[in-house]
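Numbered from 1 within each chain, the chains take letters A, B, ... in sequence-line order.
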Amino acid sequence: MHRVRFAPSPTGYLHIGSARTFIFNWLFARHHGGTMILRIDDTDLERNTEESLNSIYDGLKWLGLEWDEFYRQSDRGELHARIANRIFERGMAYRDFTPASMDLEDKDKVREGPWLFHPGMRELSAEESDRRAAAGEPFVLRFRVPRDPERAVTFQDAVYGEQSKSTADIEDFALLRSNGAPTYHMASCADDIDLRITDIIRGQDHLSNTYKHVLIFEAAGAAPPRFAHLPLLVAPDGAKLSKRKHGPVVSVLTYRDAGFLPGAYINFLCLLGWSPKNDREVMTLAELKDAFTLAGVNRSNAVVNFTEEEPFDPKAVWLNAEHIRLLAIPELAGAMHPFLTSAGLYADFDQVLRVAPLVRERIKLLREAATVADFFFLDKLPPYDPAELIPQKGDALLARSVLERAHQVLETAEFNHDGLEAALRRASEELKIKTGQMFQPVRVAACGRKVAPPLFETLAVLGRDTCLRRIEEAIRKLQEVY
RNA sequence: GGCGCUAUCGUCUAACGGUUAGGACGGAGCCCUCUCAAGGCUCAAAUAGGGGUUCGAUUCCCCUUAGCGCUACCA
């Protein structure tokens, strides 16, 4: 039985690194038929906000990966205190009455070596400790790291292998704050014990903390779970991703809003720090689930390759394009639709259905549909330069005769790909011009630009009336200028 | 400062002692072609440095260097 948890603290938005941790946990759980737990680690510092929690939910919701159990750490204070007290009663923790302010001074002074504990506090007699506590003197409950026979704390990490650290390098860390609230280490371990977590999969920034956690598990009389630490996601300069320094690229919602497909984005994130080792890159969620193992996770940090000009990693963009091409037309139309309407285009869904095949191989992000395909949904074309209507090696006169001929031909042509192609090719032969010289003015007249989807399909989707109207308009434009 | 982790093309990565060090993105070029894409082909591009071990090191060990993490009554 595998029970894993994703435990974000609501102090911002859903960070892409957190999203990846969530995904790896999910993949692991689903791969093994285990249980995915979402636990909000809101051990009460002032930084937690409901707004941030909602933002995290939005991110998770977009990814579309569901969880089986849900907990909020702030509901479980009693459990945390109970386990902390159990550790205290066993003599594995002690009260430290050192005032918080003094703590800081000390740290500055003793920064030469490792800070292990406040002298005197560790050895306080039970009587004095009890007396001072009873007198209401505030204290921090600290873990009594065993040092008498110095020993090593060791654990096996599924990614980093055997880890070991001497207790001589582990300080007496806090379990309970002076206000009685548990620290992260305490709350997290207590919950992991209570929720019977079997595998902790989390960021490598916790690798060093794990020694403390192993100590807590043991002191609480629980067997430590298995651990797997994930290499971190970093910015191109090697620094860790921060909103302040790197902007919106660190939030998953940015990717949603730009028109990434959740499956594509998950695919991208999975490829950072993990490899199926068979050169496969474009993978669906189901394929990822089947292929995912901790053995495929590597150990060095992965750079999310963005710049100011290119805010999205090119590989993420490419993968998104690949996933878009994998979509069936109705799915693509459904995914595109909101981006069209939010761009102010009145997008009748039947029309979106017809347009989707024409943009499928031409967009990398869904939001690009609004700029690539706007003319399908506009009644009147945005203004364009009439010079664009003039074909290669031609002049305004030629443009005009091409358009007039096209108009004539389109009045009677069968309005589908083959009919239009036959009609327009025949027209170009009759005019004794190259096909390109024939097609380009028609394209500009119909689309208002030189770069557009393939002509015949485009005209067919646009329909006879619109095409004729736009060609007439183009002829008018030419007359005005030339 | 202490402790720990990491180090293959610009980026993501493969190669669990023997390969012309592979793939992908991105870049360059060519082909296809009604524009743009998509697709196909080709090219440039890497084992951080120094010592060992070994018949043989990208791979194992040590040192150096660099980066990152932890070192809070944050998580």
Side-chain angles (χ1 to χ4, degrees), chain A residues 7-11 41-43 45-48 73 96 98-100 103-104 107 110-115 138-142 157 160 163-166 168-171 173-185 187-188 203-212 229 231-232 234 236-240 268 271-282 295 298-306 310 313-319 321 325 358-364 372 392 421 424-425 428 434-440 442-444 447 449-456:
Chain A
S9 63
T11 57
D41 276 11
D42 54 351
T43 323
L45 56 175
E46 281 82 35
R47 294 151 59 204
N48 293 331
Q73 226 166 34
D96 181 348
T98 312
D103 206 17
L104 286 175
K107 229 179 62 190
V110 203
R111 81 181 209 296
E112 287 304 301
W115 174 93
F139 62 86
V140 166
L141 190 70
R142 284 190 187 283
D157 189 276
Y160 289 93
Q163 302 293 306
S164 175
K165 188 174 193 167
S166 166
D169 292 315
I170 304 174
E171 73 281 2
F173 54 94
L175 260 22
L176 255 29
R177 295 185 257 252
S178 53
N179 64 4
T183 60
Y184 160 74
H185 301 301
S188 177
Q204 192 243 40
D205 47 343
H206 285 296
L207 190 60
S208 306
N209 287 331
T210 306
Y211 299 103
K212 296 173 192 169
H229 288 86
L232 266 20
V234 296
D237 61 1
K240 74 172 184 183
F268 168 66
L271 261 17
L272 296 176
W274 173 80
S275 163
K277 301 193 188 290
N278 60 2
D279 285 346
R280 284 218 58 191
E281 304 221 88
V282 182
N298 60 29
R299 283 168 288 276
S300 45
N301 292 349
V303 173
V304 180
N305 199 10
F306 60 87
E310 283 292 329
D313 190 312
K315 194 141 192 176
V317 174
W318 169 76
L319 274 169
R325 283 173 218 134
L358 300 184
V359 300
R360 183 159 54 172
E361 283 176 356
R362 264 161 277 267
I363 59 171
K364 294 181 188 301
V372 168
Q392 283 278 303
E421 173 160 25
L424 288 171
R425 280 193 190 277
S428 74
K434 293 189 166 188
T435 54
Q437 292 177 302
M438 181 77 214
F439 300 156
Q440 196 64 354
V442 177
R443 168 177 290 116
V444 175
C447 310
R449 66 182 72 129
K450 284 178 164 171
V451 174
L455 187 59
F456 315 121

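Annotation: B:G50 and B:A28 have their C1' atoms spaced 36 Å apart (nearest Å).
Here A:R360 lies out of heavy-atom contact (under 4.0 Å) with every strand. Looking at heavy-atom distances under 4.0 Å, A:Q163 makes contact with sugar-phosphate atoms alone, never a base. A:N278 comes within 4.0 angstrom of no nucleic acid atom, judged by non-hydrogen atoms across all strands. Residue-level contact check: A:R443 touches the bases, meaning some heavy atom is under 4.0 Å from a base atom. In this structure, A:G203 reaches neither bases nor backbone, as no heavy-atom distance under 4.0 Å exists between it and the strands shown. Contact annotation for A:V303: backbone-only contact, meaning every heavy-atom pair under 4.0 Å involves sugar-phosphate atoms and none involves a base. Residue A:K434 is classed as having no contact, given no heavy-atom separation below 4.0 Å to the nucleic acid. Within the nucleic acid shown, A:E281 comes within 4.0 Å of at least one base atom, counting heavy atoms only. Residue-level contact check: A:A302 touches the backbone only, with heavy atoms under 4.0 Å from sugar-phosphate atoms and none from bases. At the heavy-atom level, A:N209 lies under 4.0 Å from base atoms of the strands shown. A:P453 comes within 4.0 angstrom of a nucleotide base, judged by non-hydrogen atoms across all strands.
Here the nucleotide nearest the side chain of A:R425, chosen from B:C34, B:U11, B:U71, is B:C34. Listed nucleotides B:A24, B:A38, B:C3 differ in distance to A:K165; the shortest reach to its side chain belongs to B:C3. Comparing B:C36, B:A14, B:U6 by their closest approach to the side chain of A:S275 singles out B:A14. Closest to the A:S9 side chain, of the nucleotides B:A38, B:U6, B:A75, is B:A75. When distances run from any side-chain atom of A:R142 to the nucleotides B:U11, B:C73, B:G69, the shortest one goes to B:C73. Comparing B:U35, B:G69, B:A24 against the side chain of A:K315 picks out B:A24 as the nearest. Side-chain proximity of A:S208 to the nucleotides B:A75, B:C70, B:C36 is greatest for B:C70.
In this structure, A:R280 does not reach the B:G23 phosphate: none of its side-chain N or O atoms is under 4.0 Å from OP1 or OP2. Put simply, A:K277 has a side-chain N or O that comes within less than 4.0 Å of OP1 or OP2 on B:A14.
Under the 4.0 Å criterion applied to side-chain N and carboxylate O atoms, A:K315 and A:E281 are assigned as salt-bridge partners.
Remark: the A:N305 side chain and the B:G26 base include no donor-acceptor N/O pair separated by less than 3.5 Å. With hydrogens and angles ignored, a donor-acceptor pair closer than 3.5 Å exists between the side chain of A:S178 and the base of B:C73.
Here B:C55 sits opposite B:G18 as a Watson-Crick or G-U wobble pair (both hydrogen-bonding atom distances under 3.5 Å).
Comparing A:A174 and A:L455 along RNA chain B, the residue whose closest nucleotide (by nearest heavy atom) sits nearer the 5' end is A:L455.
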